[in-house]
Number of protein chains: 2
Amino acid sequence: MNAPVSTPISAPALTKNQSLVFDVLDRSDAPMSAYTILDRLRDHGFRAPLQVYRALDKLLEFGMVHRLESLNAFVACAHPESECCGKGHGHGHGTVAFAICESCGHVSEFHDHEVDHRLSDWAKTKNFKPAKTTIEIRGLCGACAA
Amino acid sequence: MNAPVSTPISAPALTKNQSLVFDVLDRSDAPMSAYTILDRLRDHGFRAPLQVYRALDKLLEFGMVHRLESLNAFVACAHPESECCGKGHGHGHGTVAFAICESCGHVSEFHDHEVDHRLSDWAKTKNFKPAKTTIEIRGLCGACAA
DNA sequence: ATCAATTGCGTTATGCTATAACGTGTGTCA
DNA sequence: TGACACACGTTATAGCATAACGCAATTGAT
């Protein structure tokens, strides 16, 4: 009884743990650490960090969740659900960037082809093969800077 | 006897601990975690993580060291020593990007004005005030990909 | 000179983030 | 039906980072 169960909307059918973790992230308006997620899910039977990390690994693989490296935290992908970050198949077609407000915690996800292009140009000339690119801007959002 | 001592070449005179930490990083050809630095410096009297973290905080502030967020590790700034990343005064004039080889650990530091420009344009239109920007490309360097 | 403020330092303890290693149950399919 | 893959649960441990205390030295204003 541990196999993936079809879910109403999401792309690859998620297992119970995966849905629980995703829902918590999706409902949050700020990034969450694995341990915070764990605490939110104690009532649903979660007892250990690995339960969270294993679900997160899959969700990251599916492109449904992003990891914010500068925060050691996770957010649900902001793109509605179409052509996000290279869902099922492989490499994806673009790198996502994040603007993280250090005051309210809000995160904006965006994409810029030109930035992508410049970075992969650099890689080409250096013969570097990119696997994953991280772009994170920390600062103050419009509301908090005012 | 804990005050900064003039050092041969570096910019703001470093204290003993700061020089020790910087030298270890500068001699390394791969990023090092704070705890690895600590181990390298046991023979020089280092006993606790805080001794390393406090030195790193200052070196980061001076712009002599960078933190790699996706690795939880640190590298000496690659720019020779002139007009690096906004040394003493303040904001610096540019964001530095890193290409990190996941095979050999080598890190290339570079800078791209156009990328900078695109990102700060985005920030302007969103009224976001950037404080610090992280750009890290993980993959395989030319030598390792061959 | 001297006192207050600042900064660096050392130590102990603690907290947060992440993974290793083990075993169980279940669905797939040759 | 037996090998395999995968999700899961649990315990233990590894790795990264900071809080809170107190002392020593330097600076600089009075």
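Chain letters run A, B, ... following the sequence lines, proteins first, then strands; residues in each count from 1.
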Atom [atom1] of [X] and atom [atom2] of [N]: how far apart are they, to the nearest Å?
| X | N | atom1 | atom2 | value |
| --- | --- | --- | --- | --- |
| B:Glu61 | C:dT7 | CD | C1' | 12 Å |
| A:Lys16 | C:dG25 | NZ | P | 18 Å |
| B:Arg54 | D:dA17 | CZ | C1' | 13 Å |
| A:Asp39 | C:dT17 | CG | C1' | 13 Å |
| B:Leu20 | C:dG10 | CG | C1' | 15 Å |
| A:Leu56 | D:dC8 | CG | P | 12 Å |
| A:Leu14 | D:dC8 | CG | C1' | 15 Å |
| A:Leu38 | C:dG15 | CG | P | 16 Å |

Phosphate OP1/OP2 of [N] contacted by [X] side-chain N/O (<4.0 Å):
| X | N | answer |
| --- | --- | --- |
| A:Lys58 | D:dA7 | yes |
| A:Thr15 | D:dC6 | no |
| B:Ser33 | D:dC16 | yes |
| B:Arg67 | D:dA17 | yes |

Is it the case that the side chains of A:Ser70 and A:Glu136 hold a donor-acceptor pair, with the cut-off being a distance below 3.5 Å and no angle test?
yes
Heavy-atom closest contact ([X] atom, [Y] atom, distance):
| X | Y | value |
| --- | --- | --- |
| B:Arg67 | B:Leu60 | N-CD2, 3.7 Å |
| A:Ala145 | B:Lys129 | CB-CG, 3.7 Å |
| A:Phe62 | A:Gln18 | CE1-OE1, 4.0 Å |

Can you confirm whether B:Arg138 is buried at CZ, in the sense that more than 12 heavy atoms of other residues, nucleotides or ligands lie under 6.0 Å from that atom?
yes
Any residue meeting side-chain contact (heavy atoms from CB on, under 4.5 Å) with [X], in chain and number order, not counting sequence neighbours:
| X | answer |
| --- | --- |
| B:Arg42 | B:Leu38, B:Asp39 |
| B:Ser33 | B:Tyr35, B:Thr36 |
| B:Ser28 | B:Ala30, B:Met32 |

Same cluster for A:Ile135 and B:Leu68 if Ile/Leu/Val/Met/Phe/Trp/Tyr side chains link at under 4.5 Å?
no
Verify the cluster assignment for B:Trp122 and A:Val107: are they in a single hydrophobic cluster under the rule of side-chain heavy atoms below 4.5 Å apart?
no
Give, ordered by number, those residues of residues 68-76 of chain B having at least one heavy-atom distance below 4.0 Å to an atom of DNA chain D; if nothing qualifies, reply none.
B:Asn72
Near DNA chain C, counting only heavy atoms under 4.0 Å, which residues of residues 44-53 of chain A show up?
A:Leu50, A:Tyr53
By nearest nucleotide on DNA chain D, pick out whichever of A:Tyr35 and A:Asn17 is the more 5' one.
A:Asn17
With side chain to side chain contact (heavy atoms under 4.5 Å, CB included) as the criterion, how do A:Val21 and A:Lys58 come out once you've worked through the C-alpha distance, each side chain's angles and the decisive distance to 0.1 Å?
CA-CA 11 Å; A:Val21 169; A:Lys58 283 301 181 184; over 6 Å; no
Report for the helix from C:dA1-D:dT30 to C:dA30-D:dT1: angle between first-end and last-end helix axes, five pairs each, rounded to 10 degrees.
30°
Whether B:Phe74 and B:Tyr53 hold their rings parallel, tilted or perpendicular, with breakpoints at 30° and 60°
perpendicular
